[in-house]
Amino acid sequence: MKELLRIFQYIQKYHEDNFDVLRLSLEFLLVAQNQALVAEILEYKKREIPPSFYEELQKYDLSSQILINPKLNYKKVFKIAQNLKINAQELEDFIQTIALQKTILKLYDYATPAEINALVCGLLHLQKNESIYNPCCGMGSWLLSLSAHHKECRFFGVDIHPKLIGIAKVLAALLGFKNCYLEVADIFKESAKFKEISNPQKQSKNSSNKFDKIFCHPPLLTHLNLKAPKDSPLAPYTKTAPEIPFLDFALCNFEKKAIFIIRSVLLNKPIGERLRQYLIESGLIEAIIELPTNIFPHQMGEFCLLVLSPNNKRVFFMDAQSFYLKEGKYNKLIKQEEILDLFALKQNSDITCLRDYQALDLENLKPSYYMQFQNSNHSKQTAVLLGQFIEKCYRGVRIETQQDKDLLGCYDLGIKDFANYGFSNAFDDYVLKPNLKRLHELKVQPYDLLLSMRGVAPKVAIIGSNAAQKIVLPNAGILVLRVKDSRIARALYFYFLSFEGHSMLSKIYQSNNERVGEKELKEMPLPNWFLDSQILEEYQEHFYELIARGEQIQAQKRGIAKLLGYKNPLG
């Protein structure tokens with residue numbers, strides 16, 4: 001990245017406008033990808049940059065409006081740029097440094113922190129062939145996080161500032177986007193005239209563009225002075241809530257999911273009351289994630305991610321205010337993977353909670369408010385003990401093979417046979433055991449839950465249907481839980497693997513010298529909402545989705561093993 005900054009700083013000596021400096025820096029990088037052309041340019045005898053520079057930009061449908069200062073030594077820039085191998089990560093680091101770290105350049109209002117961009121990509125769960133819309137796209141910093149999907153989806157961005165769209169277009173070209181449509185437009189006065197509409201089939205029936213997913217980081221401009229459409233449920237707009245017009249616009253343009261960066265005051269102050277009421281009445285709020293403070297330069301207020309989707313019955317709240325690392329004058333969001341895991345599970349924990357719409361407080365939708373309420377009442381809640389679901393709990397034992405005329409074929413089951421995600425159905429260690437009544441008492445059955453008895457991190461399995469007609473014996477060191485109801489067994493298996501359940505199990509192991517027995521497990525407290533019928537139903541859906549994903553992982557491993565010449569799937 002040092003060489004990129006060196007190019008920027010050199011061009012800065014000859015151009016006062018930092019937008020122009022940034023665009024020229026990126027244009028030089030783009031043209032420098034054509035090594036043959038660079039060789040010709042370096043042989044060019046005239047002082048002014050050759051026409052071939054602009055002709056190369058035209059190949060990317062870029063018409064540069066910036067006249068390069070004749071005093072600028074373009075050959076010096078190309079000598080640096082021609083040896084650079086630019087990738088998305090280096091470009092992202094460069095843009096983040098220029099826009100958000102070197103705040104003296106005053107570009108921080110036109111880019112979003114990389115950590116937020118990456119988190120939003122994960123929360124949107126982008127799928128192949130989806131249309132993605134980014135109003136107020138600024139200089140296109142989100143494209144850097146989207147680059148992994150550049151061949152699968154179609155991206156549409158709009159901004160009112162031509163220079164910002166110019167920078168974004170060069171970025172898109174550098175990143176290799178093929179289906180990226182960026183236009184200059186005032187979204188409150190005109191529709192962007194994209195070269196490709198978001199959904200051709202629906203466009204024929206509906207004149208307004210609709211997009212599958214939307215991300216918007218609205219500018220906090222109090223001088224917008226916009227009037228809401230007469231039929232808007234958010235009318236009239238409040239001047240002190242500049243995000244609301246952008247929310248109002250985007251609400252009419254998304255189909256599956258939309259994410260907005262908003263100030264937390266909209267969630268618990270009078271200026272956001274009409275917005276809160278409309279979103280609740282419409283069932284549009286899927287989740288609200290409270291962000292750490294001081295992560296946006298020159299913005300000292302509190303901010304949240306507002307996640308919207310149709311037909312919600314519950315709101316998932318997450319207080320991620322503590323997920324930051326101090327970097328210079330500002331904070332940096334961390335633990336994005338943990339946030340995504342918690343979002344996917346949507347369970348109650350120390351920093352998350354799930355609330356029915358009927359239980360929402362119109363006066364306050366801040367996650368920290370609900371977490372404070374949940375934590376203050378936690379001690380009053382009656383815990384459900386795991387033991388009440390258990391029909392039988394026993395340890396595996398070692399049964400020595402004896403020289404006996406009456407032997408039975410059995411299968412030894414060890415921790416190595418635990419499937420990572422889903423039913424454990426592979427039993428390969430065939431052995432002969434003495435025909436004892438005890439064998440039938442110890443053999444596992446479908447839907448039995450198995451846990452390792454020792455270790456810091458518990459290992460968990462659920463037995464599949466293949467065990468029904470076999471004698472499968474758990475090794476010593478394995479604890480078997482036979483649950484009274486298969487639905488509860490599936491829910492417990494998912495809970496044990498979830499962030500909250502796995503953490504609870506780990507604490508039990510650690511507090512008992514890294515081991516666990518029947519007594520400790522039967523006394524393990526479960527959340528009092530575990531018996532809620534709707535929660536159990538959701539756990540069934542999560543369980544089967546987990547199985548499907550686990551099978552995909554195994555298929556990938558088998559494919560890799562075959563590719564590498566192994567006879568068995570890789571572990």
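- Taking the side chain to side chain donor-acceptor pair (under 3.5 Å) definition, one finds that Y509 meets it with nothing, sequence neighbours left out.
- For E545, the salt bridge (Lys or Arg N to Asp or Glu O under 4.0 Å) partners at least two apart in sequence or on another chain are R549.
- Remark: M524 pairs with L386, Y495, F496, M504, L505, I508, L521, L526 by the side-chain contact (heavy atoms from CB on, under 4.5 Å) rule, at least two apart or across chains.
- Here N420 pairs with nothing under the side chain to side chain donor-acceptor pair (under 3.5 Å) rule; sequence neighbours left out.
- Checked against the 6.0 Å centroid criterion, the rings of F543 and F494 do not qualify as a close aromatic pair.
- Under the rule for a side chain to side chain donor-acceptor pair (under 3.5 Å), the partners of R263 that lie at least two apart in sequence or sit in another chain are E243.
- Qualifying side chain to side chain donor-acceptor pair (under 3.5 Å) partners for N129, counting only residues two or more places apart in sequence or in other chains: none.
- Other residues, nucleotides and ligands contribute more than 12 heavy atoms inside 6.0 Å of the NZ atom of K484.
- Ring centers of F215 and Y133: at least 6.0 Å apart, outside the cut-off.
- Taking all atoms of both residues into account, the shortest heavy-atom contact from C153 to I132 is CB-CG1, 4.1 Å.
- Sorted by first and then second residue, the ring-ring contact (aromatic ring centres under 6.0 Å, His included) pairs with a member in residues 316-354 read F317-Y370; sequence neighbours excluded.
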Can I get a per-line list of side-chain donor-acceptor pairs under 3.5 Å for residues 291-302, giving both atom names and the distance, sequence neighbours left out?
residue : atom : partner : partner atom : Å
N294    : ND2  : K329    : O            : 2.9
E302    : OE1  : K366    : NZ           : 2.7

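- Closest approach of S309 and F254 over heavy atoms only: CA-CE1, 4.1 Å.
- Aromatic pair F156/Y181: ring centres closer than 6.0 Å.
- By the side-chain contact (heavy atoms from CB on, under 4.5 Å) test, D485 pairs with R487, I488, sequence neighbours left out.
- S368 and D319 are not linked by any side-chain donor-acceptor pair at a separation below 3.5 angstrom, with hydrogens and angles left out of the test.
- Partners of Q277 by side-chain contact (heavy atoms from CB on, under 4.5 Å), not counting sequence neighbours, listed by chain and number: E281, L362.
- Judged as a side-chain contact (heavy atoms from CB on, under 4.5 Å), and not counting sequence neighbours, the contacts of A250 are I214, F260.
- Residues L124 and K213 approach most closely at O-NZ, 2.6 Å, considering heavy atoms.
- Residues passing the salt bridge (Lys or Arg N to Asp or Glu O under 4.0 Å) test with E518, sequence neighbours excluded: R395.
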